[in-house]
A.B. asks: 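Below is one structure. I have some questions about it.
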Number of protein chains: 2
Amino acid sequence: MPVSTLDRSVTEPIIRRLNALRTLSAQASASLEHAVLEGMQRAGSGEDLISEGDPVDSVRIVLSGWLCRYKTLEDGRRQIVNFIFPGETCDAHAFLLAVMDHSIATLTPVVYSEIKRARFETLVASDRSLAEAFWCETLVNSAIQREWAINLGRRVALERVAHLFCEIFERLRPVGMIDGNSCIMPVTQMDLADATGLSVVHLNRTVQELRAAGLIVLRERTLTINDLDALKDAALFSPSYLQLYRRK
Amino acid sequence: MPVSTLDRSVTEPIIRRLNALRTLSAQASASLEHAVLEGMQRAGSGEDLISEGDPVDSVRIVLSGWLCRYKTLEDGRRQIVNFIFPGETCDAHAFLLAVMDHSIATLTPVVYSEIKRARFETLVASDRSLAEAFWCETLVNSAIQREWAINLGRRVALERVAHLFCEIFERLRPVGMIDGNSCIMPVTQMDLADATGLSVVHLNRTVQELRAAGLIVLRERTLTINDLDALKDAALFSPSYLQLYRRK
DNA sequence: CGGAGCATTGAGGCCACTCAATCCAGGTGG
DNA sequence: CCACCTGGATTGAGTGGCCTCAATGCTCCG
């Protein structure tokens, strides 16, 4: 079955994302696209794709929509520990460990592809750059985790929210999901609060502070950054941890 | 050159640590030990082994001593994002990315082994379980990072400090570095504050609260946990993220 | 028209912060 | 041996950032 032009546009974020990490051969791209198109799935908003404690036996790659990784405490406190954007992989290597240590939920309706472990392992065994690209993605995720630790531990509310907005913007850029100085922001303030470790009330007030400072506009699920450099300064944001530029 | 019995005891934490993740063949253990013994190094306390922004071209495995991964903000605020204990690897796969996104510093005098990238890659290419063990270590580190995110974002000071003590204790156990209900705690309260995102003053008061509750004794660089279950309850600690038990 | 979900605002309280002083142990030089 | 210094632990006082509780507004939708 040939991969049509239409299909190509569907898998584009994935190919762009991985190519940002390692140059993929046409052959590797094609076999990946083929595998992706075989396992297409949809999920509504607010669904758990995987829950903490589940064993994992497949890899999920996001084609469209936003997801989050989160953990909860017994009493219900929730912390979003990372977002997952189109082109990114949910758990490329999670099957090496016994069970999931966290949950993954959709924040919007999502289209993704589910690839069984054996299929995935065959795929990456066939091409070294493909294997390395997936590993790099895992490593970049680790780096993002570390940045979130300093964000939660050492930045004050205003810096923290500003930093999150900067990160979202810079992560959406390489997959072509920003439009000028705007991007969609399809999540609730509750989600943003859980990502920044703040209460909803205080998150709301912090967003208003950013608005009052003229740094951002946030309405109708769209974030507009008036002055990206100024926002980055306010956030103490330095993008190197995202590894947007390659070594070689 | 044969590996002597004395040498064996030096590399023991490494072998124990990796075996907890994947069963290593005698052959794999031996060639790893050999490589480790070739690259032995020492460092004093308070030294940076690698700094943010550095390119990486070797792997460091810790034989004894404590280290930490940390990030800083321009104005000096510091967040320790993880500890590194004997038997653990500093950056098994960091060379796949361009540069370090964080720094690694010693918290005590340290003995470690530095293995050049090419040597390391040859080593892991020779044995699948060895390669998987190192990858698992990287993945467990990611899981720890995520737990730290909820620790910093959603636990209050008392829970946070209690959680850190539980984690340290449970991570030292598999490498044989606990003694009954005690372990060494060779770091300053400043370090503990930077790991928990608290000020030194408040960390000190929180430790005293744990002491007053009869949960711990902390003096002369030794931590004694009077009632581990009670401490875990106070911390909302659940060890599954440490992957102490294997799938297979 | 009523309800649900989300954003916003007000009021009051506490947790963790900063600044600053004190204590203590270990190391060093006179 | 002691005075001194330094790094770390501890304590006190006062403040403010972020919290909780609770009410209100708004929009969408059945």
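Reminder, nothing fancy here: chain letters follow the sequence lines and each chain counts from 1.
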A.B. asks: Any chance you could list the contact pattern along nucleotides 11-26 of chain D? Use B for base contacts, S for sugar-phosphate-only contacts and - for none, protein heavy atoms under 4.0 Å, 5' to 3'.
C.D. replies: BBB----BSBBB----
A.B. asks: More than 12 heavy atoms of other residues, nucleotides or ligands under 6.0 Å from CZ of B:R16: is that the case?
C.D. replies: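 Atom CZ in B:R16 is packed in, count exceeds 12.
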A.B. asks: Could you state the atom-to-atom distance from CG of B:L152 to P of C:dA16 in whole Å?
C.D. replies: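 The distance from CG of B:L152 to P of C:dA16 comes to 13 Å, rounded to the nearest Å.
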A.B. asks: Over how many whole Å does the gap from A:E209 atom CD to C:dA7 atom C1' extend?
C.D. replies: 17 Å
A.B. asks: Whether the side chain of B:E159 engages the backbone of B:V156 through a donor-acceptor N/O pair (distance < 3.5 Å, no angle test) should be reported.
C.D. replies: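 Yes, B:E159 side chain to B:V156 backbone: donor-acceptor pair under 3.5 Å.
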A.B. asks: Considering residues, nucleotides and ligands other than B:R42, do more than 12 of their heavy atoms fall under 6.0 Å from its CZ?
C.D. replies: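 Result for CZ/B:R42: open.
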A.B. asks: Contact class for B:R77 (heavy atom, under 4.0 Å): base, sugar-phosphate, or nothing?
C.D. replies: nothing
A.B. asks: In this structure, how many angstroms lie between the C1' atom of D:dA9 and the CG atom of B:D191, rounded?
C.D. replies: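 Computing the B:D191:CG to D:dA9:C1' distance gives 13 Å.
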A.B. asks: Kindly determine whether A:R146 and B:E52 satisfy salt bridge (charged side-chain N to carboxylate O under 4.0 Å, His left out), including the steps that lead there.
C.D. replies: CA-CA 12 Å; A:R146 284 185 285 267; B:E52 184 174 343; over 6 Å; no
A.B. asks: What's the separation between atom CZ in B:F83 and atom CD1 in B:I168, rounded to the nearest 0.5 Å?
C.D. replies: 5.0 Å
A.B. asks: Round to the nearest Å and state the distance from B:L218 atom CG to D:dT10 atom C1'.
C.D. replies: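 B:L218 atom CG is separated from D:dT10 atom C1' by 13 Å.
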A.B. asks: May I ask you to say what A:R219 touches in the nucleic acid, namely base, sugar-phosphate or nothing, with a heavy-atom cut-off under 4.0 Å?
C.D. replies: nothing
A.B. asks: Round to a whole Å and report the spacing from CD of B:E220 to P of C:dA25.
C.D. replies: 10 Å
A.B. asks: Begin with the C-alpha distance, continue with both residues' side-chain angles, and end with the deciding distance and a verdict on salt bridge (charged side-chain N to carboxylate O under 4.0 Å, His left out) for A:R155 and A:E147.
C.D. replies: CA-CA 11 Å; A:R155 284 192 184 86; A:E147 185 67 33; 3.0 Å; yes
